[in-house]
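Encoded as structure tokens, the structure appears first; notes follow it.
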Amino acid sequence: MPSAMPADILARRRELMLVGDADGFADLFAPDAVMEFAFHGPPGTPVRVEGREAIREYSRRVMASPLRLEELYQAQDLEVVVVEMRARATIATTSQSFTAMSIQVLRIREGQIVLFRDFADPRGFEELSAVLGLES
């Protein structure tokens, strides 16, 4: 689908995932595509899968598992914006730094944010707690 619009690809992705078609799903990816799982999944989940054929094999394993998707929500709302955030900060009192990642979903209406959801990587908070000496 080289000339397909991103919305078309997302719709097709949704269909393929719901029916468990690992090969069709993998065919949506470029030969040198990368899948990254920034926030880690269950044990054994890779952090990164490189290349269409590796994605195909990974997808076959996942879709062959007992897990069956029943619903897959994808926002179709033009007010919804998804942002990948990477924040680097330094604690002024110690000069120690840390990095935190999150995915943020915002709903913007009439030029103002009306909803903000932050899906932060808990590892960033663990690192921040360690830097601040808040670990228990």
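Bear in mind that the values here come from a model prediction, so they are computed numbers and not experimental data.
- In this structure, Asp77 and Glu79 approach most closely via the heavy-atom pair OD1-N, 2.8 Å.
- Between Gln104 and Phe116 there is a side-chain heavy-atom pair separated by less than 4.5 Å.
- Centroid-to-centroid, the aromatic rings of Tyr58 and Phe25 stay 6.0 Å apart or farther.
- Val62 and Phe37 fall within a single hydrophobic cluster, where Ile, Leu, Val, Met, Phe, Trp and Tyr side chains are chained together by heavy-atom contacts under 4.5 Å.
- One finds a salt bridge joining Glu50 and Arg48 here, because a Lys/Arg side-chain nitrogen approaches an Asp/Glu carboxylate oxygen to under 4.0 Å.
- Rounded to the nearest 0.5 angstrom, Arg88 CZ and Arg86 CZ are separated by 6.5 Å.
- A salt bridge links Arg60 and Asp23; the closest N-O separation between the charged side-chain nitrogens and carboxylate oxygens is under 4.0 Å.
- Minimum heavy-atom separation, Asp27 to Arg56: OD1-NH2, 2.7 Å.
- Under the 4.5 Å side-chain contact rule for hydrophobic residues, Leu18 and Leu28 share a cluster.
- Hydrophobic clustering (ILVMFWY, side-chain heavy atoms < 4.5 Å, transitive): Leu10 and Phe29 are in distinct clusters.
- For the atom pair CE of Met17 and CD of Glu71, the computed distance is 12.5 Å after rounding to the nearest 0.5 Å.
- The cluster map of Ile, Leu, Val, Met, Phe, Trp and Tyr, joined by side-chain heavy atoms under 4.5 Å apart, puts Leu16 and Leu69 in the same cluster.
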Item to complete: May I have the step-by-step check of side-chain contact (heavy atoms from CB on, under 4.5 Å) for Leu106 and Leu115, ending in yes or no?
Response: CA-CA 6 Å; Leu106 296 86; Leu115 175 66; over 6 Å; no
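- Here the closest heavy-atom approach between residue Val80 and residue Arg107 is recorded as CG2-NH2, 3.6 Å.
- Hydrophobic clustering places Ile108 together with Val83 (ILVMFWY residues linked when any side-chain heavy atoms are closer than 4.5 Å, directly or through intermediates).
- Taken from OG in Ser59 to CZ in Arg52, the straight-line distance is 12.0 Å, to the nearest 0.5 Å.
- Residues Asp118 and Ser102 come closest through the heavy atom pair OD1-OG, 2.9 Å.
- Residue Met35 comes nearest to Ile55 through the heavy atom pair SD-CG2, 3.5 Å, listed as atom of the first residue, atom of the second, then distance.
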